[in-house]
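The structure appears below as structure tokens.
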2 protein chains.
Amino acid sequence: MAEVTIQQVAKAAGVSTSTVSNLLNGRAHRMLPETRVRVENTIEQLGYRPNRAARQLRTGRTQTIGLVVPSVGNPFWGSFARQLESAALEEGYHVLLCNSERDPDRERRYIEELWSDGIRGVVLCSSLPSLEHVAPVMQRGLHLVAFDRAAQADDPEALVSISIDNAVGSQLATAHLADLGHRRLAFVSGALGSVNRKDRYRGFANALEQAGLSVDKTILWPGASDWRFGDVESAELGRRAAHELLSSDTPPTGIVAINDMCALGICRGVRDAGLEVGTDVSVVGFDDIVLADLYDPPLTTVRQPMTEMAAAAITELKTRVEAGGPTPGRSLLLRPELVVRSSTSAPRS
Amino acid sequence: MAEVTIQQVAKAAGVSTSTVSNLLNGRAHRMLPETRVRVENTIEQLGYRPNRAARQLRTGRTQTIGLVVPSVGNPFWGSFARQLESAALEEGYHVLLCNSERDPDRERRYIEELWSDGIRGVVLCSSLPSLEHVAPVMQRGLHLVAFDRAAQADDPEALVSISIDNAVGSQLATAHLADLGHRRLAFVSGALGSVNRKDRYRGFANALEQAGLSVDKTILWPGASDWRFGDVESAELGRRAAHELLSSDTPPTGIVAINDMCALGICRGVRDAGLEVGTDVSVVGFDDIVLADLYDPPLTTVRQPMTEMAAAAITELKTRVEAGGPTPGRSLLLRPELVVRSSTSAPRS
DNA sequence: GTGAAAGCGCTAACAC
DNA sequence: GTGTTAGCGCTTTCAC
């Protein structure tokens, strides 16, 4: 039950604690090769593991970063959490998981608690437009990476933002439909409340323009639901949007959805109307959640490069935390990728 | 940048550190009400937050528990992680997230690392039939709750197992089909490798017997894929199983799947065969992942009471960790619940 | 009712 | 090249 301490190792190896400590902290060159081997063996034999609390108390550093997500129950965030944890492991970090449940107060409390836990780097996936509630903690020295949220003018100066280029993403999606020959395109989204949503709509509009289609020929279906507010709501919105769109005189042949759940709802609405997805109507999603590939038909969608994004988040955090001092913020926009599956094809006739 | 310490608080309040500490640790009754108020105000004013590392070093206790899951990218585990984190928060604990990625070695290393981080309670969602690889750490005093894995005879003595009653679950699913009037039922699963799978099959067999149907009239489709090994694999297995089953002379009218992903694959296979799910063929899943309700048609399935299970896991861990000493293991089997949606109905004709 | 002081296990000057 | 030592911030026993 009693753990092995550095003193016991030192004693058993016939050296001082500093020698053991030196070995532990990558200063092996300071000692004779034979000493080194002896200490290494002793550590091995005794099964010694440094006490993190003591180490942290002494150095002020933790090997833990915080992750605040709306909910890992959501596959999108679950998938990101997984990638982030793997990236963190590579760099010798652990991840403390915090679900904000979209409660701004819970989010703020978590951030403060993480700080007082000694954690100096946090990845925040916030649903909130403003980050002023975390500004005080950042002022104290917390390094924060905002994920999936484009940088804002009034963001704290030191903030790092990592996100995909949403405009490029939906431009890819829309251009794909235009290239296939579609001429009547619709964009389905709830209210364009967040910057992400606005950007995605902008990409859609850009692509139409480039394809020589005027924007006013397209249909924007405004709903009340908020971005990723709930999977069920997104899907339901898509379904109803499809019903409405397909009952018009000149129904679209291609639909760009704000996200995959919405696209899935659209697919269902298309089927409700007695039409087939992928042949009668082409549908493109966004995010490439696990489900997209498992759906029937597999969904053409825009993939967020999760692995790269997670790695970038860890790199930023590690660099900043280890440097210590205040560092200027920046914004990283990664390029999304179009994944073509079976929900899109050339229009009929 | 420099944090407020207990000394500073003591000095500012004109008391000693022990008085502040006493207040912090629920021993406020030891001091005069006025002292108490004064100290409380000072803490508030200075924004003092106790340093966790120092506290942990001193007491040997952490307010963090470990969670080891195959991958939070999987919606089933993501959903559990979310519930566990919420339950932990209620009790003042944090959750450290570890994805084993189904690598036994990574799993073992994580457990050991958690131990040396000072963590004394871990929820392990292991894919491994044997837990002997964690026995040494449990010997040292780590409290372990195994989740979604029925207890085994050779498990470490102190192990707590929390799971649903899988046999009851598939019995509910199967009885539901029998009650609807189905007479030709199939059970689709990969190899019955894990205890969970065996139990689910047992429940299926029991229900048939009770309905007066002999087991040998049913079809077991053995595949190579392992339980929850991968969503894609599970779904593919279901799809191929459906193809095979439906091309027989006396195809089943009701199919019980080993899990939801498999059920989704079956639905697709049914559609491939030109039949409709919910009318021509009834399909029941298992787990009630988010997707089950969003699919088309919404899937009838067996729900695992995640919230209760997570709460139970935290309660067990908290009790044991705070008691300190060795505690006898036990096994908790919660009752699953049948969720009837549209993928099941009475058979045709 | 309050304070003084020891020490948890470790790191990093600094001395030799 | 190796050892000695002073704390990191906190809790807790033991005096007063």
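Here the structure is a predicted model, which is why all the values come from computation and not from measurement.
Looking at heavy atoms from C-beta onward, Leu114(B) lies out of side-chain contact with Val137(B) at the 4.5 angstrom threshold.
The distance from atom CZ of Arg58(B) to atom P of dC10(D) is 13 Å, rounded to the nearest whole Å. Taking atom CZ of Arg27(B) as the reference point, atom P of dC14(D) lies 14 Å away to the nearest angstrom. The separation between Leu24(B) atom CG and dT11(D) atom C1' is 10 Å, rounded to whole Å. A straight line from CG of Asn22(B) to P of dC14(D) spans 15 Å, rounded to a whole angstrom. Between Arg55(B) atom CZ and dT12(D) atom C1' there is a gap of 13 Å when expressed in whole angstrom units. Distance Gln56(A) CD to dC8(C) P: 19 Å, rounded to the nearest Å. Met31(B) has its CE atom 22 Å from the P atom of dC16(D), to the nearest Å. Atom CD in Glu34(A) sits roughly 12 Å away from atom P in dG1(D) (whole-Å rounding).
At a cut-off of 3.5 Å, with distance as the only test, no side-chain donor of Thr64(A) or Thr62(A) sits close to an acceptor on the other residue. Using modelled atom types and a 3.5 Å distance limit, the side chains of Thr17(A) and Gln7(A) yield no donor-acceptor pair.
For Asn99(A) (side chain) and Glu101(A) (main-chain N/O), no donor-acceptor pair under 3.5 Å exists by modelled atom type.
Residue contacts shown for Gly14(A) are limited to sugar-phosphate atoms, with no base heavy atom under 4.0 Å away. In this structure, Arg61(B) reaches the sugar-phosphate backbone alone: every heavy-atom distance under 4.0 Å involves primed, P, OP1 or OP2 atoms, never a base.
Checking dG9(C), dT4(D), dC10(D) against the side-chain heavy atoms of Ala54(B) singles out dC10(D) as nearest. The nucleotide whose nearest atom lies closest to any side-chain atom of Ser16(A) is, among dG3(D), dG9(D), dT2(C), dG3(D). Closest to the Val15(B) side chain, of the nucleotides dG3(C), dG7(C), dT11(C), is dG3(C). Comparing dA12(C), dT12(D), dG9(C) by their closest approach to the side chain of Leu57(B) singles out dG9(C). Listed nucleotides: dT11(D), dG9(C), dA12(C). Nearest to the side chain of Thr59(A): dA12(C). Of the candidates dC8(D), dT2(C), dT4(D), the closest approach to any side-chain atom of Ser18(A) belongs to dT4(D). You'll find that the side chain of Leu32(A) is closest to dT2(D), out of dG9(D), dG9(C), dT2(D).
Residue Thr5(A) places none of its side-chain N or O atoms closer than 4.0 Å to OP1 or OP2 of dG9(C). When the side-chain nitrogen and oxygen atoms of Asn25(A) are compared with OP1 and OP2 of dT11(C), one or more of them lie within a distance under 4.0 Å. When the side-chain nitrogen and oxygen atoms of Thr35(A) are compared with OP1 and OP2 of dT2(D), one or more of them lie within a distance under 4.0 Å. Here Arg52(A) does not reach the OP1 or OP2 of dC8(C): none of its side-chain N or O atoms lies under 4.0 Å away.
The line from CG of Asp148(A) to CG of Asn196(A) is 5.0 Å long, rounded to the nearest 0.5 Å.
Using cut-offs of 30° and 60° on the angle between ring planes, the pair Phe147(B) and Trp77(B) is perpendicular.
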